[in-house]
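Every chain is numbered from 1, with letters handed out A, B, ... down the list of sequences. These numbers were taken from a predicted model, which means no experiment stands behind them.
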There are 2 protein chains.
Amino acid sequence: MEPEKRNQMAAEVLSNPRNQHEEIQALQDTLYVLGGKWKLPIINSICNGNKRFRDIERSIPGITTRMLSKELKEMTANQLIKRTVIDDTPVAIEYTSTEYCRSFGDIILEMIKWGKQHRQKLKTGD
Amino acid sequence: MEPEKRNQMAAEVLSNPRNQHEEIQALQDTLYVLGGKWKLPIINSICNGNKRFRDIERSIPGITTRMLSKELKEMTANQLIKRTVIDDTPVAIEYTSTEYCRSFGDIILEMIKWGKQHRQKLKTGD
DNA sequence: CAGCATCCCAGGGGATACTG
DNA sequence: CAGTATCCCCTGGGATGCTG
């Protein structure tokens with residue numbers, strides 16, 4: 001397809017209020033699931049291989065045990081992560097990512113990309 | 001480069017605490033800029049061509065004039081959007097996106113994509 | 001139309017201390 | 001280590017009504 005025609009189609013898609021509404025709805029759904037300051041950093045940390053409570057905590061600047069505890073509980077309930085009790089002595093707890101959790105990978109990647117570019121811009125002088 | 005070597009490198013990058021820290025920092029920076037329920041939907045709406053206050057308001061389910069007003073003001077101050085007064089009679093106001101604003105495009109796209117897949121999954125039965 | 005002013009509140013989130 | 005428990009605060013955000 002010629003680029004011109006493609007642009008025309010894109011314009012039609014965007015100008016269709018039905019589609020716009022669907023997209024904004026999808027966006028708000030995602031925002032709802034990821035609401036709050038901590039879910040994405042936690043997902044990122046666990047996907048990066050951090051399994052232990054302390055490790056996750058240390059890997060996220062600013063988070064408190066309280067918030068981490070609350071979020072981990074909620075995210076476990078929502079099947080975002082898996083909590084495993086390892087019956088060693090002493091008992092160890094491990095948090096691991098689920099497929100559902102990893103489905104946020106692209107979003108996180110884009111946000112990291114944006115954040116890095118942002119820093120770069122600040123350094124090079126606005 | 002062979003895929004194997006690439007994976008090895010990716011593993012090294014991830015296992016390097018220095019990089020992990022940088023990434024989580026970038027992620028948190030982005031989260032900070034986009035904090036709250038409304039900034040992304042507003043950016044999306046304006047990038048979709050909505051210019052007038054009422055149009056933007058109508059395009060975002062659930063938003064109140066108060067929040068829209070507050071966010072628009074803040075986002076204008078932060079150069080995220082441009083506010084133009086058109087000296088017609090009656091006077092009209094137009095909000096338009098800036099380059100900075102459009103730099104969130106990929107993030108929004110990914111979130112819309114996720115939201116749509118999510119809905120799809122719910123429909124087909126978890 | 002494009003907002004501002006008020007009132008009000010839940011709950012997100014911080015600090016700190018404590019437990020098995 | 002892996003959390004709970006309290007206390008407390010702030011502010012994001014809703015509802016409603018009013019103005020130029």
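Here the side chains of B:W114 and B:H118 are in contact, with some heavy-atom distance below 4.5 Å. Side-chain contact between A:S103 and B:Q117 is absent, with no heavy atoms from C-beta onward closer than 4.5 Å.
The CD1 atom of B:I46 sits 8.0 Å away from the OH atom of B:Y95 when rounded to the nearest 0.5 Å. Taking CD of A:E71 as the reference point, atom NZ of A:K37 lies at 11.0 Å (rounded to 0.5 Å).
Closest to the side chain of A:K37, out of C:dG14, C:dG3, D:dG3, is C:dG14. Here C:dC4 is the nucleotide among C:dC4, D:dG3, C:dG14 with the atom lying nearest to any side-chain atom of B:S69. Distance from the side chain of A:R54 is smallest for D:dG3 among the nucleotides C:dA2, D:dG3, D:dA15. Comparing C:dG3, D:dT4, D:dA2 by their closest approach to the side chain of A:I93 singles out D:dA2.
Atom CG in B:L72 sits roughly 9 Å away from atom P in C:dC4 (whole-Å rounding). For A:K39 and C:dG12, the NZ to P distance is 8 Å, given to the nearest whole Å. Protein atom CD of A:E74 is 13 Å distant from nucleotide atom C1' of C:dG13, rounded to whole Å. In this structure, A:L68 atom CG and D:dT4 atom P are separated by 10 Å, rounded to whole Å. Going from atom CD of B:E71 over to atom C1' of D:dT11 covers 12 Å, rounded to whole Å. Remark: C1' of D:dA2 and CZ of A:F53 are 6 Å apart, rounded to the nearest angstrom. Going from atom CD1 of A:I42 over to atom P of D:dG3 covers 12 Å, rounded to whole Å. To the nearest angstrom, C1' of C:dA2 lies 11 Å from CD1 of B:I56.
The shortest distance between the side-chain N/O atoms of B:R52 and the OP1/OP2 oxygens of C:dC1 is not below 4.0 Å. Put simply, A:Y95 has a side-chain N or O that comes within less than 4.0 Å of OP1 or OP2 on D:dG3.
Comment: B:E23 engages A:K116 in a salt bridge, judged by a side-chain N to carboxylate O separation of less than 4.0 angstrom.
Judged by atom type and distance alone, B:R66 reaches the base of D:dG14 through a side-chain donor-acceptor pair under 3.5 Å.
Closest-nucleotide positions on DNA chain D for B:K70 and B:T65 were compared, and the one nearer the 5' end corresponds to B:K70.
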